[in-house]
Amino acid sequence: MRGLEGRPARDAGRCNVPFDDAASLRAKLDVPSASVQETGLLSAVPACRCPPCAAKSGKSRVMNELDCDVLVIGAGGAGMYAALSAARAGARVLLVDRGLIGRAGATVMAQMTVAVALGEECPDTPEAHLNDTLAAGRGLCDPALARLLVEDGPARIREMDAWKVGWARAEDGSHIRQAHAPGHDRPRCVYVDFLNTGPAVSRTLRTQLNPVSAVRRIGDIVITDIATHAGRATGAVGFELGSGAAVSLRAGATIIATGGLTRLYARNSASANMGGDGYALALRAGAELLDMEFVQFFPIGHLAPRLIGMDPIMWDPFRYKLGGRLLNRDGDEFSERYGREASGRYNLTRDVATYAIFKEVEAGRGSPAGGAFLSFTHVPEAELRRNFGPVIDRLAKNGIDLTRQAVEVAPIAHYHMGGVAVGPDMATRVPGLYACGEAVGGANGANRLSGNAITEALVFGEVAGRHAAAHARAQGALRVAGDAPSLSLVTGAATLCRPEGAGSRSGLASLMTRLQALMAEKVGPFRTHDKLAAALAELAAMQAELGEAPPPAAGGYDMARLDWYDLRNMLLVARCVAEAAIARKESRGAHQREDLPGMLPEWEANQVIEWRDDGLRLKRRAALQQREAA
């Protein structure tokens with residue numbers, strides 16, 4: 001994929017000298033030929049050094065520019081599939097990520113199962129899968145998105161099978177195995193080996209990407225804003241982690257595939273880049289966000305004893321296979337008090353299981369570390385080893401013997417049901433801007449059905465890539481530069497407010513820790529009006545503390561600069577979650593108001609957030625699921 005051959009973007013009020021190609025650029029800037037070169041995978045162009053610009057900046061900055069048909073931001077499962085899909089449709093694709101391509105994000109960390117109506121373990125249909133998805137969503141699912149997920153899911157999973165992902169099969173190899181996960185009415189969830197499903201999916205997608213020359217992949221790129229022109233998306237701006245240089249990426253269509261927001265919480269199962277970047281990017285670009293109050297907490301995240309080098313949500317497959325028992329301090333099984341779960345079984349949905357554990361702790365019946373006990377002592381050692389032998393050995397190195405002791409577990413932030421509002425083509429209301437995977441809101445309503453996440457990533461990624469390529473093709477070769485303000489912020493040309501003393505590495509790290517603690521304490525799974533109002537006040541104070549401009553760039557791998565941009569997004573998204581939560585005057589799915597228990601018919605509605613010049617605007621509309629039923 002070619003670069004823009006030396007066309008530096010120009011900030012408002014800056015140089016108006018036109019640059020036609022690299023040769024004329026060198027002549028006009030009087031810089032040596034070697035200054036316009038390939039830096040890594042980006043074409044580096046020095047910032048303008050004409051007198052007006054030099055007087056304003058005081059030093060030369062480097063601008064990197066690339067041009068593509070489809071830009072995909074985020075290289076997890078959804079982003080990689082979107083890139084493959086767009087390339088299949090004939091597009092030149094640029095796939096960027098702030099981490100390693102295919103090794104960052106949520107998919108590579110997902111251990112467990114993938115829900116899909118293959119009907120190989122027992123008779124099944126997409127309609128039955130849809131019914132379970134809608135039931136888990138508590139009336140708030142977008143039926144078109146949910147139906148797309150369940151109907152296209154089998155094709156995506158069989159395609160992955162053809163790509164040798166390694167779905168577990170029956171001993172005689174006759175069919176793909178399917179497990180019975182919570183919330184499903186039958187065995188429906190495929191897996192690799194329960195603890196490596198996500199890594200296997202990521203590895204398979206990376207393998208498929210490797211020979212595709214139409215997809216250019218660049219890691220260590222932090223995207224700070226979507227570029228827009230005349231109301232449509234034209235690419236993105238950001239900076240390279242390694243050099244600190246500004247980056248301008250022009251595209252006929254842009255896909256946000258950056259995952260969720262669980263990094264907002266102190267206890268979370270996410271990778272470090274799940275801070276809600278995509279939601280903030282979309283919102284500032286003019287897209288709408290949907291159902292932002294619904295944050296799913298994984299009920300049995302590891303709490304104690306200390307566990308090193310293993311995923312905190314590893315216990316779910318143990319319960320699938322072996323029927324671990326949830327016990328309170330007194331050794332009593334308690335989940336049947338809050339739902340239909342029988343002894344040693346596992347069929348409570350995640351929101352109900354989270355509620356059960358929190359209520360036991362609240363009643364003074366919690367474990368010493370503040371959670372519940374998960375016990376497998378009733379399972380013979382031979383069965384433990386037959387199902388999870390290598391994992392049992394790794395647990396032993398951590399001093400954990402499941403035949404003799406229970407572990408302590410507690411809810412942990414895991415997934416976000418809300419996100420960017422899109423149609424069945426994954427298009428936002430901003431022309432040229434698409435989203436896919438966990439970045440999308442609507443498919444899961446108020447609570448996600450177990451196993452739907454990877455299915456959603458693959459299905460929505462395929463659709464987003466295909467439609468984004470078609471949109472880019474319709475735009476032709478024209479690539480228009482985006483707005484100047486977002487670019488001037490990342491190049492350092494903007495003159496914005498930065499409070500005195502703001503921007504130190506220690507200060508920003510402290511601010512992030514305080515934000516995560518605030519969200520866990522006041523915007524966690526169980527909320528009240530007073531907690532949420534206090535959270536909003538503290539978020540406003542934190543925003544003022546952060547200021548409007550990042551600290552001055554200090555070269556490559558500038559962690560203070562990265563923390564500032566992370567907090568810029570995290571504070572905006574945290575406010576969206578809290579604003580939606582305080583506005584919803586009921587309890588539904590993953591949103592539980594202790595001061596307003598129970599679901600109300602008048603709140604069978606989706607909440608939509610948009611950004612206006614005067615701040616966030618929140619509106620309520622009848623749920624799409626209810627409108628379709630009517």
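In terms of modelled atom types and a separation under 3.5 Å, the side chain of T197 and the main chain of V192 share a donor-acceptor contact. At distances below 3.5 Å, not a single donor-acceptor pair connects side-chain atoms of N328 with backbone N or O atoms of R365. Between the side chain of N606 and the main chain of L140, a donor-acceptor pair closer than 3.5 Å is present. Counting only distance, with no hydrogens or angles, the side chain of R385 and the backbone of I392 share no donor-acceptor pair below 3.5 Å. Distance alone, capped at 3.5 Å, places no donor-acceptor pair between the D161 side chain and the I157 backbone. R319 places a side-chain N or O within 3.5 Å of a backbone atom of G324 that can act as its donor or acceptor partner. At distances below 3.5 Å, not a single donor-acceptor pair connects side-chain atoms of D595 with backbone N or O atoms of T528. Side chain of Q405 to backbone of D401: a donor-acceptor contact under 3.5 angstrom is found. Side-chain N or O atoms of T107 include none that pairs as donor or acceptor with a backbone N or O of G198 at under 3.5 Å. With H378 contributing its side chain and G323 its backbone, the two residues share a donor-acceptor pair below 3.5 Å.
Between R188 and D132 there is a salt bridge, with a side-chain nitrogen of the basic residue lying less than 4.0 Å from a carboxylate oxygen of the acidic one. A salt bridge is absent between E121 and R186; no separation between the charged side-chain nitrogens and carboxylate oxygens falls under 4.0 Å. The pair R263-D277 fails the salt-bridge criterion, with no side-chain N (NZ, NE, NH1 or NH2) lying under 4.0 Å from an Asp/Glu carboxylate O. Salt-bridge formation is not detected for the pair K522/D530: no Lys NZ or Arg NE/NH1/NH2 atom is positioned less than 4.0 Å from an Asp or Glu carboxylate oxygen.
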Would you mind writing out the side-chain donor-acceptor pairs for residues 366-376 within the sub-3.5 Å range, not counting sequence neighbours?
unit_1	atom_1	unit_2	atom_2	d
S367	OG	G371	N	3.0
S367	OG	G371	O	3.4
S367	OG	E408	OE1	2.5
S375	OG	T377	N	3.3
S375	OG	T377	OG1	2.9

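Residues E362 and E594 form a side-chain contact, since some pair of their non-hydrogen atoms from C-beta on lies under 4.5 Å apart. In this structure, the side chains of D316 and I300 come closer than 4.5 Å at one or more pairs of heavy atoms. Contact check for V215 versus L84: no side-chain heavy atoms found under the 4.5 Å cut-off. When side chains are defined from C-beta on, M426 counts as touching L145, because their heavy atoms get closer than 4.5 Å. By the 4.5 Å heavy-atom criterion applied to side chains, F460 and L148 are counted as neighbours. A 4.5 Å side-chain heavy-atom check between N210 and R217 finds at least one atom pair inside the cut-off. Counting only heavy atoms from C-beta outward, the side chains of E333 and L327 approach each other to under 4.5 Å.
Judged by distance alone, the side chains of N444 and E456 do bring a donor and an acceptor atom under 3.5 Å apart. A donor and an acceptor atom, one from each side chain of N452 and H129, are located under 3.5 Å apart.
Other residues, nucleotides and ligands contribute only 12 or fewer heavy atoms inside 6.0 Å of the CZ atom of R103.
Between I357 and P411, the shortest heavy-atom contact is CG2-CD, 3.8 Å. Across all non-hydrogen atoms, the minimal contact from Q592 to S587 is OE1-CB, 3.5 Å. Shortest non-hydrogen contact noted between M519 and L264 is CB-O, 3.4 Å. Contact detail for L95 and I101: the closest heavy-atom pair is O-CD1, 3.8 Å. The two residues P154 and A117 have their closest heavy-atom pair at CG-O, 3.9 Å. Contact record, F294 with H416: O-CD2, 3.0 Å, taken as the closest heavy-atom pair.
Applying the side chain to side chain contact (heavy atoms under 4.5 Å, CB included) rule to E120 yields the partners L118, R158, H175, I176, Q178; only residues at least two apart in sequence or on another chain are considered.
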With ring-ring contact (aromatic ring centres under 6.0 Å, His included) as the criterion, how do F298 and Y415 come out once you've worked through the C-alpha distance, each side chain's angles and the decisive distance to 0.1 Å? CA-CA 8 Å; F298 186 85; Y415 185 88; over 10 Å; no

Determine, stepwise, if the pair R588 / E293 fulfils salt bridge (charged side-chain N to carboxylate O under 4.0 Å, His left out). CA-CA 10 Å; R588 184 180 298 263; E293 64 268 40; over 6 Å; no

E604 vs R138, salt bridge (charged side-chain N to carboxylate O under 4.0 Å, His left out): CA-CA, chis, key distance, verdict: CA-CA 8 Å; E604 289 184 348; R138 306 295 197 276; over 6 Å; no

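The aromatic rings of F318 and F388 lie parallel to each other, with less than 30° between the two planes, well short of the 60° mark.
Remark: aromatic rings of Y265 and F297 are close, center separation under 6.0 Å.
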